[in-house]
Amino acid sequence: MNPRITLGVARRVLTQIRRDHRTAAMLLVLPCLLMTLLWWMFVDSPVQFFDRLGPGLLALFPFIIMFLVTSVTTLRERSSGTLERLLAMPMGKLDFLLGYAIAFGVVAAIQSALAVALSVGLLGLDVQGPIWLLTVVAIADAVLGSALGLFVSAFATTEFQAVQFMPAFVVPQILLCGLFIPREQLPPVLEAISNVLPLSYATDAMKTLSTTSATGDVWQDVAIVTAFALAALGLGAATLRRRTP
Amino acid sequence: MVRIIHRMMKNSVEVRDLVVRRGGREVLKGIGFTIEEGSVTGLLGPSGCGKSTLMRALVGVQQLTSGSVQVFGEEAGTSALRSRIGYVTQEVSVYDDLTVAENLTFFAKVLGVSGDKVDESIGAVDLQSQADQVVGRLSGGQRSRASLAVALLGSPDLLVLDEPTVGLDPVLRRDLWKLFHQIAARGAAVFVSSHVMDEADRCDRLLLMREGVIIADDTPDGIREKTRTDDIESAFLSLVEDTGDAA
């Protein structure tokens with residue numbers, strides 16, 4: 001591993017995103033629009049559904065978006081021959097993966113800061129815990145999404161397949177993460193499954209932040225999400241082969 | 001004289017009994033040859049004969065079935081070799097959404113070479129006036145030159161070029177071959193593939209390849225003499241007919 005190369009990769013990925021105005025705009029504006037839509041849905045409802053669902057969705061958006069963006073970008077890197085060229089150069093596999101993780105972490109930080117600022121500032125989302133910690137959780141979620149996206153891109157040979165991994169890997173996690181029904185109320189088997197899915201901990205962290213100002217549990221959840229992200233990066237590194245058949 | 005012979009004998013690459021199977025098909029069928037430093041060696045053969053697979057084996061990104069590939073005395077693909085080899089794949093492997101200069105600056109950072117090399121490489125492939133254009137908007141020939149410029153960045157001791165001159169303007173093609181010889185004159189080994197037989201005479205030495213086998217390994221003149229033909233295309237045909245008779 002070499003910081004010069006890792007940062008070089010991160011910088012290059014950020015330049016590519018900046019060059020693609022439409023993607024850059026969507027990355028930053030879309031989560032804000034979706035939060036506004038959610039707020040609008042419940043504006044006439046007597047129950048505070050926005051407060052109940054909002055934090056979970058703030059965890060979800062960066063996860064989903066980064067999963068999709070990363071799996072497609074890495075696949076493009078594999079199929080265009082640039083990955084083969086890089087791996088024939090003195091570049092560590094972790095340099096490549098961490099470079100991507102850093103770049104998308106930066107994007108996620110900006111994205112989440114905007115969505116959180118809008119939700120709390122303008123839309124009146126009620127958060128008990130520190131607001132900056134909400135952004136930290138969102139960044140951890142985004143890095144997790146990137147890491148999983150990098151990992152699954154190894155199993156896709158076309159961009160069509162890569163996009164199909166989203167319903168396979170992401171939707172079950174959304175269903176079981178506690179957003180629809182508290183995880184304790186799931187059938188025991190499903191609860192056990194939800195206990196080993198990373199998004200459950202991301203949602204837990206957001207829920208805790210919205211209901212209490214104690215941060216101990218939140219940090220524990222963030223640590224679990226980060227551990228999952230690192231494991232996915234490790235697996236991703238194992239799928240990058242210098243020699244291919 | 002002795003020194004010259006000694007220099008000519010010095011091999012950058014040694015390939016022995018190389019067999020590569022891809023997707024159940026034997027693409028390379030027991031190939032052996034050497035590449036000398038300080039010379040331009042051409043690999044000529046029709047498309048689909050295994051040229052790209054052979055080049056991938058030299059660079060160390062191809063899984064081998066059996067046999068060995070040694071580069072500068074080490075097994076191909078070891079990490080010490082990675083900064084000494086420049087490799088250009090047939091497809092243009094640069095980032096379409098970055099400018100020529102941004103692409104080179106990035107790869108220079110990966111290789112750990114200075115910014116001067118970026119300008120030098122852009123100059124070597126004659127892309128100065130396109131340096132700040134996004135690669136995706138350049139013509140096919142300009143894009144492949146941008147890809148070639150990346151391989152020149154690290155001043156490699158072995159340059160492996162997979163069909164670098166396809167679709168280029170004849171003037172530019174001549175200039176690039178001149179560049180390959182300049183690089184070889186500095187002591188590097190240059191290994192260039194082509195499916196166009198009329199590029200044969202631009203090489204110091206030729207490997208003719210067909211269906212995963214090397215059917216000739218000599219200087220262009222040597223091959224013409226041996227086959228009693230006037231051009232490499234006829235020589236190729238005559239060699240194929242000979243091996244056909246033998247089989």
Side-chain angles (χ1 to χ4, degrees), chain A residues 1-27 69 72-100 102-103 107 157 159 237 239-245, chain B residues 20-25 27 52-53 55-65 69 75-99 101-113 134-136 147 150-151 153-154 156 160 162:
Chain A
M1 250 202 58
N2 182 327
R4 182 196 75 228
I5 299 179
T6 312
L7 293 176
V9 173
R11 201 153 148 205
R12 186 211 86 213
V13 174
L14 288 173
T15 313
Q16 285 179 295
I17 294 173
R18 227 180 39 219
R19 189 64 34 85
D20 183 352
H21 297 301
R22 202 173 297 175
T23 299
M26 296 227 292
L27 281 171
V69 171
V72 172
T73 346
T74 349
L75 186 72
R76 216 168 54 176
E77 187 117 38
R78 283 174 203 268
S79 54
S80 71
T82 44
L83 182 65
E84 177 169 302
R85 170 170 243 167
L86 285 173
L87 290 178
M89 285 181 176
M91 159 175 279
K93 296 171 187 175
L94 274 180
D95 288 326
F96 179 80
L97 291 170
L98 285 179
Y100 263 94
I102 291 171
V107 174
T157 49
E159 289 179 10
T239 65
L240 291 177
R241 293 275 161 79
R242 286 191 201 268
R243 277 182 192 273
T244 47
Chain B
V20 171
R21 231 173 255 126
R22 291 179 89 173
R25 202 170 68 90
V27 183
S52 296
T53 306
M55 298 199 127
R56 280 169 46 82
L58 256 57
V59 179
V61 295
Q62 173 67 49
Q63 274 174 17
L64 311 181
T65 307
V69 180
E75 199 193 329
T78 49
S79 61
L81 292 175
R82 276 177 214 138
S83 53
R84 300 183 65 188
I85 301 180
Y87 172 42
V88 182
T89 54
Q90 215 169 329
E91 62 270 25
V92 177
S93 35
V94 287
Y95 299 98
D96 271 347
D97 41 8
L98 297 181
T99 67
E102 283 168 344
N103 264 294
L104 276 118
T105 308
F106 167 64
F107 285 107
K109 213 165 274 169
V110 174
L111 290 166
V113 298
V134 172
V135 171
S147 191
V150 174
L153 274 174
V160 178
D162 202 351

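Sequence lines set the chain letters: A, B, ... in the order given, protein chains first and strands last, and positions in each chain run from 1.
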Just do the salt bridge (Lys or Arg N to Asp or Glu O under 4.0 Å) check on Arg76(A) and Asp96(B) with the steps written out, would you?
-> CA-CA 11 Å; Arg76(A) 216 168 54 176; Asp96(B) 271 347; over 6 Å; no

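In this structure, the side chains of Val150(B) and Met89(A) come closer than 4.5 Å at one or more pairs of heavy atoms. Side-chain contact between Arg56(B) and Thr244(A) is present, with at least one heavy-atom pair separated by less than 4.5 Å. Put simply, the side chain of Glu84(A) does not reach to within 4.5 Å of the side chain of Glu91(B), judged on heavy atoms.
At most 12 non-hydrogen atoms from other residues, nucleotides or ligands lie less than 6.0 angstrom from CD of Glu75(B).
Rounded to the nearest 0.5 Å, atoms OH (Tyr95(B)) and OG1 (Thr15(A)) are 11.5 Å apart. Distance CE/Met91(A) to CZ/Phe107(B): 8.5 Å, rounded to 0.5 Å.
Contact annotation for Glu102(B): only side-chain heavy atoms (C-beta onward) come within less than 4.5 Å of a heavy atom of chain A. With a 4.5 Å cut-off on non-hydrogen atoms, Thr82(A) touches chain B through its backbone and its side chain both. Both the backbone and the side chain of Ala151(B) have a heavy atom closer than 4.5 Å to some heavy atom of chain A. Heavy atoms closer than 4.5 Å to chain A are found in both the backbone and the side chain of Leu98(B). Heavy atoms of Arg11(A) lying under 4.5 Å from chain B belong exclusively to its side chain. Using a 4.5 Å cut-off between heavy atoms, Val92(B) contacts chain A through its backbone alone, with no side-chain atom that close. For Val94(B), the parts lying near chain A are the backbone and the side chain together; criterion is any non-hydrogen pair under 4.5 Å. In this structure, chain A has no heavy atom under 4.5 Å from any part of Thr105(B).
Of the listed residues Leu87(A), Leu86(A), Asp20(A), the one with more heavy-atom pairs under 4.5 angstrom with chain B than any other is Leu86(A). The most heavy-atom pairs under 4.5 Å with chain B, out of Asn2(A), Val9(A), Leu83(A), come from Val9(A). No other option in Gly77(B), Gly112(B), Ser79(B) has as many heavy-atom pairs under 4.5 Å with chain A as Gly112(B).
When all heavy atoms of Asp97(B) and Arg19(A) are compared, the pair lying nearest together is O-CG, 3.1 Å. Across every non-hydrogen atom of Leu111(B) and Arg4(A), the tightest pair is C-NH2, 4.0 Å. The minimum heavy-atom distance between Val110(B) and Ile5(A), with the atom names listed, is O-CD1, 3.5 Å.
Within the 3.5 Å criterion, the main-chain N or O of Tyr87(B) finds a donor-acceptor partner in the side chain of Arg85(A). At least one donor-acceptor pair closer than 3.5 Å links the side chain of Arg243(A) to the backbone N or O of Gln62(B).
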